[in-house]
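Beneath this line is the structure, given in structure tokens, with notes to follow.
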Amino acid sequence: MLKYLEETQVTGTGSLLVQKLSRRMFLGTGTAFAIGAFATQAQAFPTWATGATAMPNGVREDPLIFVSIDEDGTVTLVAHRSEMGTGARTSLPMIMADEMEADWERVKIIQAEGDEPKYGNQDTDGSRSLRHHIQAARKIGGAVRHMLAAAAADRWGVDAATVTVANHEVKSASGDVLGFGDLAEAAMAMPVPAHDEVAYKSEDAFRYIGKGQVQITDLRDITTGDAIYGADVSVEGMKIAVIARPPVVGGRALSFDATDALNVPGVISVHELPYSNIPAKFAPLGGIAVVAENTYAAIQGRESLIIEWEAGPHGGYNSEPFMEEMKAAAGQPGVVLREQGDPDAAFADAARTFGQTYTQAHMAHIAMEPPAALASVTDQGIEIWAPVQSPYTTRTDVAEAMGVDPANVKVNVTLLGGGFGRKSKADFVTEAALLSREVGAPVRVQWTREDDVRHSFYHTASAERIEVALDEDGKVTGWKHNSVAPSILSTFAPDSGQQFFIESGMGHVDMPFDIPNVRCHNGKAMAHTRIGWFRAVSNVPRAWAIGSFVGELAAELGRDDRQMWLDLIGAPRSIDPVAEGYPENFWNYGEPMDEFPIETGRLADVLNMAADGIGYGKNLPEGEGIGLAVHRSFVSYVACAAHVKVVDGNVTVPEMHLAIDCGYAANPERIESQMQGAAVMGMTLALHSGITYRDGAVEQGNYYDYDVSRSDNYPRNVVTHIVPHPFSVHSTGVGEPGVPPVAPAIANALFHATGKRKRDLPMGVEV
């Protein structure tokens, strides 16, 4: 435990908000020095904008990242974003190390606490860690290299331009050599250079960036069991709590009897937590908490509680009739979000029309690590240890719930055993803080798997209705797409039943096909559970619907699937949002359209790359088929080619090819890993995952009834194809874009294997 606490301490901090920093803005200890940089739009590489959204005051939410060098030459880099498998804790420090010419074997990484005023935005979400911070990381590393060279030049009495920095050493033209540790104190005294004073490395000089040779920092600890996750942290005097939460969102306990629970050996106390209704933001659901000396006693105590629950306003929520309501709404006109050309005339003049409706059930994140958080509330403040994606939001949420200044809350971030969006909501942390205050001791709240499945923030359910108008030659002349789904806004504000612009910008209004007449609209659906961010979010149902529909349209018209996709995508072009009727508030994942346009040529290229990779068009035995799908999300382009084989009536996927165009591939090892993970998760969403409700309560509870792809049935051979680009092409998202095209590719492959068309997610593994 001491080792973990030491590793989470950050030494050498300071808020550096200007381009050229004064010497007094450094805080040093001994012979170490530290540097941080908070990039603004003007500062962060005029020749390469980071893509982050400018704040109203002009300051960008980019990283405030620190570098320190010890006298023995060890370089310590601070990771300001959470690690849940995406590699953010490795990739950004790797970029700093490359630019400063540090030897990766002599680099140590420590995790930043939740402190956005110091470190910049810390939300590990939106597949934006690298695309927003790659240049800021280079700036920090380049500045350190410049300062080391200047310090050595001063010592040798030579021109700094004649000094070279390479592989953890600084060399003079005459052959003198100094290590990084030899220069730490002197380098600390050097002024931080402005951007135009730093000669950044050329792409061909990169040692780690773009090479794919650096494994994730925590790989050994994860493999050997030494990694520290939320449930691994313990402090002296700690108690364990589990909570009986209302089965229905918005419900509460009318009464409870804790007599039997208090008689369980090890149980200390029972507490009623405050309740919250929709909109709940990220507040706890309330309920009855059992605090004990150990987890077993806490669980046994909870099982001994006698509780009478009131269901509340959502007690009548039942999945089947609700889905029928959404499908009916999808078949009627909704609020128009995109209008291009004259779709009514196109349908009126059509030789024929064709349409289908596709649905998706709620989905749970079901990360391998259920939520767990340790809180210690004392007179000195509140300290948290937790696996959270949004550590500063965690800090402010806890402060609000506890009625304290955020400055009195410290959030230490552990590794995340999976997150997928669930751990951006820190309700479980607030629970721990509330109970620690009540108990007067540190408390770890432990969610069980059943808690996680039944009381999560869920991926929204949806019904997607797509209709096309066709001319006599079978060309698509009109397109209508009505998307109906409860909105995540219901988690934050009174529910209108309508989706908001971020959701509509995820594969709906930005449908990229070359069709002259388009209408995208949105029907009403009220939320009856907690809706949260989910890996790829609304892109999942949109890619499912559009990808499946393209395959179904190809079959309807007797055409080849690949050619159908290419015909709809059309000639390579950059889409003009105004000319194609996009709404004024179109959300391009927070990025400017001039820097991150929608380019249909890149969409077609990844489709062809995946299809060619899997051998699309080859003859297959009966009961086998290949399906295609392609989708743009998080400003990246991903195509999936899935080979399905029906074995003993079950769907199997012996091979899958994923092609990704994510701009410059800064860390190919993590890109390949993320595509492999997306293949498994995509197959899980396609065949297994589905949360259903009866009388307002979730019907599933664990892996036995909320199944996932397992070792006996998963994509056996996943091949990743990365479109090569030079550094001059923006890096884009990777963590989420691989998921959306997987399910429709499997559905299209299943159709070719069996002739059966599935239109509802999950499809089920049996045929």
Side-chain angles (χ1 to χ4, degrees), residues 336-347 350-358 464-471 473-483 504-522 538-539 541-557 559-583 586 588 593 597-608 610-611 627-633 635-640 661 737 740-741 744-745 748:
V336 176
L337 304 177
R338 173 185 174 186
E339 186 88 2
Q340 175 187 353
D342 191 344
D344 289 334
F347 276 81
R352 59 175 296 202
T353 62
F354 179 73
Q356 294 292 357
T357 301
Y358 304 88
E464 311 281 328
R465 174 70 180 175
I466 299 175
E467 299 174 85
V468 291
L470 301 162
D471 66 14
D473 297 322
K475 181 178 180 180
V476 178
T477 59
W479 174 281
K480 293 180 182 179
H481 181 176
N482 191 358
S483 175
S504 65
M506 293 185 175
H508 186 203
V509 300
D510 53 326
M511 182 278 296
F513 296 155
D514 187 12
I515 299 172
N517 305 290
V518 176
R519 176 176 296 143
C520 297
H521 47 138
N522 170 219
S538 295
N539 286 289
R542 274 55 174 284
W544 164 241
I546 294 173
S548 296
F549 184 79
V550 172
E552 196 157 357
L553 181 61
E556 181 73 13
L557 298 175
R559 295 182 184 172
D560 173 76
D561 280 19
R562 189 206 304 223
Q563 194 57 53
M564 188 80 252
W565 277 105
L566 295 174
D567 288 346
L568 289 169
I569 292 170
R573 69 194 191 285
S574 289
I575 285 180
D576 181 343
V578 176
E580 299 204 11
Y582 284 32
F586 168 61
N588 189 37
M593 283 294 291
I598 300 173
E599 298 177 278
T600 61
R602 296 172 75 173
L603 202 65
D605 286 345
V606 291
L607 175 73
N608 285 325
L628 305 176
V630 63
H631 192 72
R632 176 187 184 265
S633 65
V635 292
S636 288
Y637 307 80
V638 178
C640 177
D661 184 340
N748 290 334

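Residues: numbered from 1 along the sequence shown.
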*Going through the distances and angles, do Met511 and Gln340 end up as a side chain to side chain contact (heavy atoms under 4.5 Å, CB included)?*
CA-CA 12 Å; Met511 182 278 296; Gln340 175 187 353; over 6 Å; no
dist Phe347:CZ -> Asn517:CG (nearest 0.5 Å) comes out at 9.0 Å
On a heavy-atom basis, the closest approach of Val509 and Phe586 is CG2-CD1, 3.8 Å
List the steps and the verdict of side chain to side chain contact (heavy atoms under 4.5 Å, CB included) for Leu553 and Val476. CA-CA 10 Å; Leu553 181 61; Val476 178; 3.9 Å; yes
Any donor-acceptor pair under 3.5 Å linking the side chain of His521 with the backbone of Lys480?
no
Pro744 and Ala543 have their tightest heavy-atom pair at CG-O, 3.4 Å
Can you check whether Ile575 reaches Pro512 side chain to side chain, under 4.5 Å on heavy atoms?
yes
Heavy-atom closest pair (Pro541 atom, Ser538 atom, distance to 0.1 Å) is CD-O, 3.2 Å
| Side-chain donor or acceptor of Asp510 paired with backbone N/O of His508 under 3.5 Å | yes
Heavy atoms of Ser548 and Tyr358 approach each other most closely as CB-CE2, 3.6 Å
What one should report as the nearest heavy-atom pair of Ala745 and Ala629 is N-CB, 3.8 Å
When rounded to the nearest 0.5 Å, the distance separating CZ of Arg632 from CG of Leu603 is 9.0 Å
All heavy atoms of Gly478 vs all of Ala346, minimum pair found to be CA-CB, 4.1 Å
Here the gap from His481 atom NE2 to Ser504 atom OG, rounded to the nearest 0.5 Å, amounts to 11.0 Å
- Do the side chains of Asp605 and Asp661 get nearer than 4.5 Å, heavy atoms only? no
Does Leu470 form a side chain to side chain contact (heavy atoms under 4.5 Å, CB included) with Leu557? I'd like the steps, not just the answer.
CA-CA 10 Å; Leu470 301 162; Leu557 298 175; 4.0 Å; yes
* What's the verdict on side chain to side chain contact (heavy atoms under 4.5 Å, CB included) for Asn748 and Leu628, showing C-alpha distance, side-chain angles and the deciding distance? -> CA-CA 7 Å; Asn748 290 334; Leu628 305 176; 5.7 Å; no
Spell out, as yes or no, whether a donor-acceptor pair under 3.5 Å connects the side chain of Asp560 to the backbone of Arg562.
yes
Interatomic distance, CZ@Arg573 vs CD@Glu580, rounded to 0.5 Å, equals 5.0 Å
Sidechain-backbone polar pair: Asn482 side chain, Arg465 backbone, donor-acceptor under 3.5 Å = no
Test item: Tyr582 and Asn588 side chains (from C-beta on) under 4.5 Å apart, heavy atoms: no
Below 4.5 Å, heavy atoms only, C-beta onward: do Ser483 and Arg542 meet side chain to side chain?
yes
message = Please check this pair: side chain of Tyr637 against backbone of Glu599, looking for a donor-acceptor N/O pair closer than 3.5 Å.
response = yes
**Asked** Given side chains that start at C-beta, do those of Glu464 and Phe549 come closer than 4.5 Å, heavy atoms only?
**Response** no
Quick one: does Arg602's side chain get under 4.5 Å of Val606's, heavy atoms only?
-> no
Please tell me if the side chains of Glu552 and Phe354 come closer than 4.5 Å, counting only heavy atoms from C-beta onward. yes
Taken to the nearest 0.5 Å, the spacing of Ile569 CD1 from Met564 CE works out to 10.5 Å
One should read off an interatomic distance between His631 NE2 and Trp544 CH2, to the nearest 0.5 angstrom, of 14.0 Å
Examine distances only and state if a side-chain atom of Thr600 and a backbone atom of Phe513 form a donor-acceptor pair shorter than 3.5 Å. no
